[in-house]
Amino acid sequence: MVIRNCAGGIVFLEDSVLLMCNDKHEWAFPKGVVRVGMKEREVAVSRIKIETGIDASILAPCGKTKYEFYSVTRQKPVHNNVSWFVMKAKNSDIVPSEEAGFLDGKFFSIDEALNQVTYSQDKSLLMMAYQRYKELTRIG
């Protein structure tokens with residue numbers, strides 16, 4: 001089994017949240033692998049920029065998720081440990097990275113995002129992140 005540490009962001013713009021659609025047509029939050037010598041915060045900020053074209057800043061940590069899947073290319077299971085951050089977008093012009101496997105991206109209202117997001121643990125993560133975001137920015 002391959003074990004990977006990753007970092008990503010739940011990126012808010014006012015009262016909306018960014019979701020990206022990958023090449024499997026799954027809507028999720030952007031994230032990337034933390035390589036040796038890199039910090040989780042750096043990876044979260046850089047992956048948001050690379051995968052979405054959005055400049056974002058970290059407001060606070062937001063918890064961790066774990067999941068496993070079978071990698072067809074590696075021919076073995078992969079276990080991802082993901083550290084998440086609440087982030088605030090500095091711009092709204094999404095440019096999905098085809099190289100990173102993204103077909104589309106959009107800022108959704110929170111209710112729309114809850115219906116759109118593919119994985120159930122991401123729904124819980126979104127609600128936790130949104131609550132923290134509101135506390136930090138005084139929105140809502």
Side-chain angles (χ1 to χ4, degrees):
M1 175 178 294
V2 176
I3 298 174
R4 304 188 310 178
N5 292 318
C6 304
I10 298 90
V11 181
F12 294 95
L13 180 66
E14 297 173 5
D15 214 13
S16 62
V17 66
L18 176 66
L19 292 177
M20 299 301 293
C21 182
N22 65 24
D23 51 11
K24 296 179 222 149
H25 299 279
E26 301 165 329
W27 287 89
F29 304 112
K31 65 183 174 305
V33 176
V34 178
R35 307 269 182 224
V36 175
M38 298 176 79
K39 293 182 167 66
E40 291 175 342
R41 290 174 161 278
E42 294 168 354
V43 171
V45 170
S46 68
R47 291 311 297 180
I48 301 303
K49 180 65 174 173
I50 291 166
E51 294 178 1
T52 72
I54 299 290
D55 289 309
S57 58
I58 292 175
L59 299 178
C62 186
K64 298 178 184 279
T65 59
K66 298 177 183 196
Y67 65 93
E68 293 180 3
F69 64 96
Y70 186 82
S71 171
V72 175
T73 55
R74 289 186 181 94
Q75 295 292 301
K76 60 176 75 170
V78 175
H79 177 92
N80 279 349
N81 298 309
V82 187
S83 295
W84 294 101
F85 297 92
V86 176
M87 299 176 75
K88 184 175 183 178
K90 298 177 184 176
N91 62 304
S92 61
D93 299 324
I94 303 166
V95 181
S97 169
E98 290 180 23
E99 277 184 26
F102 290 102
L103 306 173
D104 197 7
K106 183 178 175 186
F107 281 98
F108 290 92
S109 72
I110 302 307
D111 288 339
E112 288 173 326
L114 287 169
N115 288 324
Q116 193 69 38
V117 73
T118 300
Y119 298 104
S120 60
Q121 70 179 351
D122 286 350
K123 293 176 194 254
S124 298
L125 183 64
L126 173 56
M127 291 311 299
M128 286 181 13
Y130 186 54
Q131 185 61 40
R132 187 75 177 121
Y133 175 72
K134 288 192 306 184
E135 291 168 1
L136 293 166
T137 62
R138 305 283 189 246
I139 287 187

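Both backbone and side-chain heavy atoms feed into the values below; hydrogens, waters and symmetry mates do not.
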Compare all side-chain heavy atoms of Tyr70 with those of Pro77 and state whether any distance is below 4.5 angstrom.
-> yes

Geometric class of the Phe12/Tyr133 ring pair [parallel <30°, tilted 30-60°, perpendicular >60°] = parallel

Inter-residue atom distance Gln131.CD - Met128.CE, 0.5 Å rounding = 11.0 Å

Heavy-atom closest contact (Ala44 atom, Ile58 atom, distance) | CB-CD1, 4.5 Å

Answer yes or no: is there a donor N or O on one side and an acceptor on the other, between the side chain of Thr118 and the main chain of Trp27, under 3.5 Å?
-> yes

Other than Val34, what residues sit in its cluster of Ile, Leu, Val, Met, Phe, Trp and Tyr side chains whose heavy atoms are under 4.5 Å apart, directly or through others?
-> Met38, Val43

Same cluster for Val2 and Phe69 if Ile/Leu/Val/Met/Phe/Trp/Tyr side chains link at under 4.5 Å?
-> yes

Ignoring hydrogens and angles, tell me if any N or O in the side chain of Gln75 forms a donor-acceptor pair with the backbone of Val72 under 3.5 Å.
-> yes

When rounded to the nearest 0.5 angstrom, what distance separates CD in Gln116 from SG in Cys21?
-> 8.0 Å

Quick one: do Ile48 and Val33 end up in the same hydrophobic cluster if we chain Ile, Leu, Val, Met, Phe, Trp and Tyr together by side-chain heavy atoms under 4.5 Å apart?
-> no

Which residue pairs satisfy the side-chain hydrogen bond (donor to acceptor under 3.5 Å, both in side chains) criterion with at least one member in residues 78-93, sequence neighbours excluded?
-> Arg4-Asn80, Asn5-Asn81, Glu40-Ser83, Lys64-Ser83, Thr65-Trp84, Tyr67-Asn80, Glu68-His79, His79-Asn81

Do the non-hydrogen side-chain atoms of Pro30 and Arg47 ever get within less than 4.5 Å of each other?
-> no

Can you name the one residue among Leu126, Val11, Leu18 that meets side-chain contact (heavy atoms from CB on, under 4.5 Å) with Phe29?
-> Leu126

Any chance you could measure Phe85, atom CZ, to Ile10, atom CD1, to the nearest 0.5 Å?
-> 9.5 Å

To the nearest 0.5 Å, what is the distance between CG (Leu103) and CD (Glu26)?
-> 10.5 Å

Closest non-hydrogen atoms of Val82 and Gly8, given as atom of the first, atom of the second and distance, are CG1-N, 4.3 Å

If you look at every heavy atom in Pro96 and Gly105, which pair is closest and at what distance?
-> CG-N, 3.8 Å

Of all the heavy-atom pairs spanning Met87 and Ala56, show the shortest one and how long it is.
-> CE-CB, 3.8 Å

Got a second to check how far Ser124's OG is from Leu114's CG, nearest 0.5 Å?
-> 9.5 Å

To the nearest 0.5 Å, what is the distance between CG (Asp122) and CG (Leu19)?
-> 8.5 Å

Between Ile54 and Ile50, is there a shared hydrophobic cluster once you connect ILVMFWY residues whose side-chain heavy atoms come closer than 4.5 Å?
-> no

In one Ile/Leu/Val/Met/Phe/Trp/Tyr side-chain cluster, 4.5 Å: Ile110, Leu136 | yes

Hydrophobic cluster identity match, Met127 and Leu125, side-chain contacts under 4.5 Å = yes

